[in-house]
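Each remark here refers to the structure printed beneath this line.
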Amino acid sequence: FIAKPCAINLGIQDSGPHRAQPNAILEKVFTSITKSPDGRRLEGLSKQLDWDVRKIQRWFRHRRNQDKPTTLTKFCESMWRFTFYLCIFFYGIRFLWTAPWFWDTRQCWYNYPFQPLTSRLYYYYILELAFYWSLMFSQFTDIKRKDFLIMFVHHLATIGLITFSYMNNMVRVGTLVLCLHDASDFLLEAAKLANYAKYQRLCDAFFMLFGVVFIVTRLGIYPFWILNTTLFESWELIGPYPSWWLFNGLLVTLQVLHVIWSYLIVRTAYKALMRGKVSKDDRSDVESSSEEEEVTSNSTKGVFSTSSNGSNCINGHVAGGQWTEDE
């Protein structure tokens, strides 16, 4: 009701990728045998249909793409996530600004576990938990990404951390982790929205800002502020206990994912500087033919670009910057 009218006003059409021309033989191969035939099978189909191998490859590419979601659908998904991430981030900042543990992380462990659970803290936790549970289920029906497994692990770790910290009344440090992760997520979604709307410079600016914020928060603040208090300050003030190991194990798992995503962001930025553009997201859900890639290559010079069939070249999660260029 909100995102779709906005998309239409921005000129985003509800049209999908180029559809493959009807062909019973190729359709049977596609549905019953393989969606990506190897060279030997392509040669056999070429002789059977009297088609050029390249034409058959293009048919399979178009056939795979025609089941993919439209740009309008992806715009609506990103706008929903942008709205949530932005609102929850500012709610968290407003709440934590007056919290003593925001300025002194040792306050997370004083008088633990006998710390009061205020209504504002409770709603902050419940909103975040509900959202990540929704992502856990919706990832099976939403736009499929190449990093599906990584995001699945991320959602599991996040839900485990939120639930576990709530049950153990580690909500103070939990709010710091949540707010820190929300700091960059809305910038990623903003970059995607600008990309879908073909505002290339705005998209590039949001992406570069996202990359800086992501790396600073996930590789700088997170290990030296969050992990420092959970691993060392908590050990000093309350000592280790059985659930302490699980809690920190989940936090370290998140840090490993941060390193992987940061590497992809840096690689994307490096290739953008070297070539003046990044033509394809490594997790992109839509493939482009060689002709389409050539058109894209000649017509765009941004960090992200949109292929000639209207599909986007940067997809998203959670979680942060997960793209690189197709080779």
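Reckoned from all heavy atoms, side chains included, excluding hydrogens, waters and symmetry mates.
Judged as a salt bridge (Lys or Arg N to Asp or Glu O under 4.0 Å), the pairs with a partner in residues 228-255 (not counting sequence neighbours) are, in order, R106-E236. Residue pairs meeting the salt bridge (Lys or Arg N to Asp or Glu O under 4.0 Å) criterion with at least one member in residues 43-53, sequence neighbours excluded, do not occur. Each salt bridge (Lys or Arg N to Asp or Glu O under 4.0 Å) pair with one or both residues in residues 152-175, not counting sequence neighbours, would appear here, but there are none.
For the atom pair SG (C179) and CD1 (I226), the distance works out to 9.5 Å, reported to the nearest 0.5 Å. The CG atom of L26 sits 5.0 Å away from the CG atom of L49 when rounded to the nearest 0.5 Å. Once rounded to the nearest 0.5 Å, the distance linking CG of L209 with CG of D204 reads 12.5 Å.
Following chains of ILVMFWY side-chain contacts shorter than 4.5 Å, one cannot reach M79 starting from I8, and the two form parts of different hydrophobic clusters. Hydrophobic cluster membership is shared by W103 and W225, with clusters built from Ile, Leu, Val, Met, Phe, Trp and Tyr side chains linked at under 4.5 angstrom.
A search for side chain to side chain contact (heavy atoms under 4.5 Å, CB included) contacts involving V212 returns V216, not counting sequence neighbours. W59 pairs by the side chain to side chain donor-acceptor pair (under 3.5 Å) definition with nothing, not counting sequence neighbours. Residues satisfying the side chain to side chain donor-acceptor pair (under 3.5 Å) criterion with N248, sequence neighbours excluded, are T230. Partners of F89 according to the ring pair (Phe, Tyr, Trp, His ring centres under 6.0 Å) rule, which considers only residues two or more places apart in sequence or in another chain, are F186. Every residue two or more places apart in sequence or in another chain that forms a side chain to side chain contact (heavy atoms under 4.5 Å, CB included) with Y91 is listed here: R120, Y123, Y124. Partners of F224 under the side chain to side chain contact (heavy atoms under 4.5 Å, CB included) rule, at least two apart in sequence or in another chain, do not exist in this structure. Legend: residues meeting side chain to side chain contact (heavy atoms under 4.5 Å, CB included) with W133, ordered by chain and number and at least two apart, are L129, M136, F137, I159. With sequence neighbours excluded, no residue satisfies ring pair (Phe, Tyr, Trp, His ring centres under 6.0 Å) with F82. Take W51 and apply the side chain to side chain donor-acceptor pair (under 3.5 Å) test, not counting sequence neighbours, and it matches no residue.
Using modelled atom types, one finds a donor on one side chain and an acceptor on the other under 3.5 Å when comparing T175 with W101.
Applying the side-chain contact (heavy atoms from CB on, under 4.5 Å) test between T217 and each of I221, L219, I215 identifies I221 as the sole match.
Ring-plane geometry between H155 and Y132 is classed as tilted, the angle between the planes lying from 30 to 60 degrees on a 0 to 90 degree scale.
With hydrogens and angles disregarded, a donor-acceptor distance shorter than 3.5 Å links the side chain of T253 to the backbone of G249.
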